[in-house]
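Note sheet for the following structure.
In what follows, chains are A, B, ... by sequence order, proteins preceding strands, each numbered from 1.
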Amino acid sequence: DAMVIQNPRYQVTQFGKPVTLSCSQTLNHNVMYWYQQKSSQAPKLLFHYYDKDFNNEADTPDNFQSRRPNTSFCFLDIRSPGLGDAAMYLCATSLTGVGVAFFGQGTRLTVV
Amino acid sequence: KQEVTQIPAALSVPEGENLVLNCSFTDSAIYNLQWFRQDPGKGLTSLLLIQSSQREQTSGRLNASLDKSSGRSTLYIAASQPGDSATYLCAVRSGAGSYQLTFGKGTKLSVIP
């Protein structure tokens, strides 16, 4: 039973065309995170929400935005994808800021 | 700034062997450490979480240890199986109130039948 669900699993977008990735959770966790993982690299935190409070990492490009309309859903918006944004995007949740993190299956983004 | 290193980057062992994966971190002021498994093209599956006050955690054939003062953790896998083949990542959460998990690049494990 999937607890953190990411859609779609694979996304192909054109250079410069806005794209949205989605994440939903059935765990009722307070915190939701978005990570970017490039090939053979460590996942890198882009931002997180604690409830409705948005926290952006200092080095996250302005091109990346996020929305959390309710507890269950969180979206990653890439306003103008570049070739360098091709990566696996991972959504995660945790009950508290220091609890066990649960990850979704990821969305593989390809930019053409 | 916290940095997490995992050595080796890749490891190949015959089925049935016991093995140890290593993780080191530069800042010992961590809140907890979590080990994950990642299959190719997939997300991360949580294996074990160790609080900073703990020395080890066990789940089935997996045992994770933590030596916070020396900045090290190990993941011990007993009686390895081909199904254990995956990339194993460790991640540390630095200090209460810090929501960021800092990851290592992982160790890619291949268990040969």
Single-linkage hydrophobic cluster, 4.5 Å side-chain cutoff, A:Tyr49 and A:Met3 together: no
Are B:Val13 and B:Tyr88 linked, directly or through intermediate hydrophobic residues, by side-chain heavy-atom contacts shorter than 4.5 Å (ILVMFWY only)? yes
Measuring from atom CZ of B:Phe103 to atom CD of A:Gln37, what distance do you get when rounded to the nearest 0.5 angstrom? 8.0 Å
Do you know which two heavy atoms are closest between A:Ala42 and B:Gly104, and how far apart they sit? CB-O, 3.3 Å
Counting distance only, does the side-chain N/O of B:Gln34 pair as donor-acceptor with the main-chain N or O of A:Ala101 below 3.5 Å? yes
In one Ile/Leu/Val/Met/Phe/Trp/Tyr side-chain cluster, 4.5 Å: B:Leu33, B:Leu48: yes
Least distance between heavy atoms, A:Leu90 atom then B:Gly43 atom: CD2-CA, 3.8 Å
In terms of hydrophobic clusters joined by side-chain contacts under 4.5 Å, are A:Ile78 and A:Tyr33 together? no
Among the options A:Gln105, A:Glu57, A:Met88, pick out the one with the most heavy-atom pairs lying under 4.5 Å from chain B. A:Gln105
Rounding to 0.5 Å, atoms CZ (A:Phe102) and OG (B:Ser46) come to a distance of 6.0 Å
Side chain, backbone, both or neither: which part of B:Gln51 has a heavy atom under 4.5 Å from chain A? neither
Close side-chain approach of A:Arg9 to B:Lys42, heavy-atom, < 4.5 Å: yes
Interface moiety of B:Leu44 toward chain A, non-hydrogen atoms closer than 4.5 Å: both
Heavy-atom side-chain proximity of A:Ser94 to B:Leu101 below 4.5 angstrom: no
Would you find a donor on one side and an acceptor on the other, under 3.5 Å apart, between the side chain of B:Arg93 and the backbone of A:Gly97? yes
Taking everything shown except A:Arg68 itself, do over 12 heavy atoms lie less than 6.0 Å from its CZ? yes
Mind checking whether A:Phe47 and A:Leu45 sit in one hydrophobic cluster, side chains of I, L, V, M, F, W, Y counted as touching below 4.5 Å? no
Does atom CG (A:Asp59) have a neighbourhood of more than 12 heavy atoms from anything else shown, all under 6.0 Å? yes
Checked B:Ala9, B:Gly106, B:Gly41, B:Ala91 vs chain A; the most non-hydrogen pairs under 4.5 Å come from B:Gly41
